[in-house]
Amino acid sequence: MIHSLFLVNASGDIFLEKHWKSVVSRSVCDYFFEAVERATEPENVPPVIPTPHHCLINVLRQRIYFVAVIQSEVPPLFVIEFLHRVVDTFQDYFGVCTEAAVKDNVVVVYELLEEMLDNGFPLATESNILKELIKPPTILRTVVNTITGSTNVGEQLPTGQLSVVPWRRTGVKYTNNEAYFDVVEEIDGTYTFDPVTKLLSWDVGKINPQKLPSLKGSTSLQAGASKPDENPTINLQFKIQQLAVSGLKVNRLDMYGEKYKPFKGIKYMTKAGKFQVRT
């Protein structure tokens, strides 16, 4: 699975590294730095970079590249999802995921990475479980640990490990229950293009389910520009309120164990986070 993890800042400096199975030299990141130099934008760096003996899989979050080193055949999306989970965990623990936050909490960072991966394989990735294994840093806890020499590692098995739902603790009861459904769709419509910012804004009006709108376009090089080694990458992000393009709907919603009559309401939304389309 994952042999090593390198954190690279916007200046191209490796400010943190973690190894699980074996120590991989930093020189393996030279292939990654070459890909960064070829990319026109930081977001356009290929997520998967093959090398003679390794495979580098990376994500860019908060101006930090998280570069995982792989030596065996692994589904790339599996590793990418894990790297995003690492970033989300850092944000949950430290409030932000920046180079300064990582350096200020480097001990907690290594403890989290040690729990999230066991010999290179994902183990505990749910924040609910991790917070019982590794206590979030506070000023008081940091002072106590400095004086006593203790760590943030918990002494008991997390209660979430005993739950049939990993992200929920055992014995949790709520006064009310809510059910949320996210519907992710693809849409198209009219657009405007800003040649300065290279931003394409797509304004979708009323959509006819019988004839969904579509958007097509082409790319051209500037006069005298050399042909790139790879096709351009398109970054997309969109959201539509109160609409599910596919027509998927919730047919029935039941609540058990409550004496009151719950209000049943469904809110639809078609949305997408920032993702890439490779042409």
Side-chain angles (χ1 to χ4, degrees), residues 1-36 45-94 97-99 101-137 145 150-158 160-161 166-167:
M1 187 62 183
I2 299 178
H3 281 247
S4 301
L5 176 65
F6 295 94
L7 271 60
V8 184
N9 59 21
S11 302
D13 299 325
I14 301 175
F15 65 92
L16 187 138
E17 60 183 276
K18 170 64 176 174
H19 307 278
W20 284 273
K21 291 188 176 182
S22 59
V23 177
V24 179
S25 174
R26 288 189 173 190
S27 60
V28 72
C29 292
D30 292 343
Y31 297 95
F32 170 75
F33 295 140
E34 293 176 359
V36 173
V45 177
V48 181
I49 303 174
T51 71
H53 304 288
H54 305 85
C55 186
L56 306 181
I57 301 179
N58 71 91
V59 299
L60 175 63
R61 295 280 299 273
Q62 304 296 326
R63 296 174 57 85
I64 298 177
Y65 288 102
F66 291 75
V67 185
V69 181
I70 312 298
Q71 287 186 332
S72 58
E73 187 71 20
V74 177
L77 290 179
F78 186 81
V79 180
I80 291 175
E81 173 63 23
F82 174 78
L83 294 178
H84 282 295
R85 183 60 63 89
V86 171
V87 179
D88 294 340
T89 301
F90 289 172
Q91 290 179 334
D92 191 21
Y93 265 73
F94 314 134
C97 182
T98 62
E99 181 180 356
V102 172
K103 289 182 177 180
D104 291 342
N105 301 276
V106 64
V107 175
V108 179
V109 168
Y110 277 108
E111 291 174 346
L112 287 171
L113 293 176
E114 195 66 33
E115 294 295 339
M116 297 183 73
L117 279 183
D118 181 17
N119 196 29
F121 291 88
L123 178 62
T125 58
E126 293 293 341
S127 178
N128 177 50
I129 296 177
L130 287 171
K131 285 186 177 180
E132 294 191 57
L133 286 170
I134 310 296
K135 302 299 181 182
N145 291 346
S150 58
T151 65
N152 293 343
V153 179
E155 298 179 354
Q156 297 180 351
L157 181 68
Q161 295 280 29
W167 50 264

Drop me the distance from [X]'s [atom1] to [Y]'s [atom2], to the nearest 0.5 angstrom.
| X | Y | atom1 | atom2 | answer |
| --- | --- | --- | --- | --- |
| L133 | E111 | CG | CD | 10.5 Å |
| N9 | I64 | CG | CD1 | 7.5 Å |
| H3 | I70 | NE2 | CD1 | 7.5 Å |
| L16 | L5 | CG | CG | 7.5 Å |
| T89 | F82 | OG1 | CZ | 8.0 Å |
| F121 | D118 | CZ | CG | 9.5 Å |

State, yes or no, whether a side-chain contact exists between [X] and [Y] at a heavy-atom distance under 4.5 Å.
| X | Y | answer |
| --- | --- | --- |
| V69 | L56 | yes |
| R85 | E126 | yes |
| C55 | I49 | no |
| Y93 | L130 | yes |
| E115 | I129 | no |

Closest contact, heavy atoms only, [X] versus [Y]:
| X | Y | answer |
| --- | --- | --- |
| M1 | G120 | CG-O, 2.6 Å |
| F94 | A101 | CB-CB, 4.3 Å |
| I57 | P76 | CD1-CA, 3.9 Å |
| P122 | L117 | N-CD2, 3.3 Å |

Exercise for the section: Would you please classify the geometry between the F90 ring and the F66 ring as parallel, tilted or perpendicular, with 30° and 60° separating the classes? Expected result: tilted
Problem - Partner of V109 under side-chain contact (heavy atoms from CB on, under 4.5 Å), chosen from V102, L7, V86 - result: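 With V109 as partner, V102, L7, V86 yield a single side-chain contact (heavy atoms from CB on, under 4.5 Å), made by V102.
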Practice task
Check for a donor-acceptor pair, side chain of N58 on one end and backbone N or O of P46 on the other, with a separation under 3.5 Å.
Solution key: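 Side chain of N58 to backbone of P46, a donor-acceptor pair under 3.5 Å: yes, one is there.
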Practice task
Quick one: which residue pairs count as a salt bridge (Lys or Arg N to Asp or Glu O under 4.0 Å) with a foot in residues 56-80, not counting sequence neighbours?
Solution key: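 Counting only pairs at least two positions apart or across chains, the salt bridge (Lys or Arg N to Asp or Glu O under 4.0 Å) contacts touching residues 56-80 are R61-D88.
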Problem - Residue pairs fulfilling salt bridge (Lys or Arg N to Asp or Glu O under 4.0 Å) with at least one residue in residues 4-24, sequence neighbours excluded - result: E17-R26, K18-E114
Handout entry: Partners meeting ring-ring contact (aromatic ring centres under 6.0 Å, His included) with F32 (sequence neighbours left out)
Key = Y65
Problem - Y110 atom OH: more than 12 heavy-atom contacts under 6.0 Å - result: yes
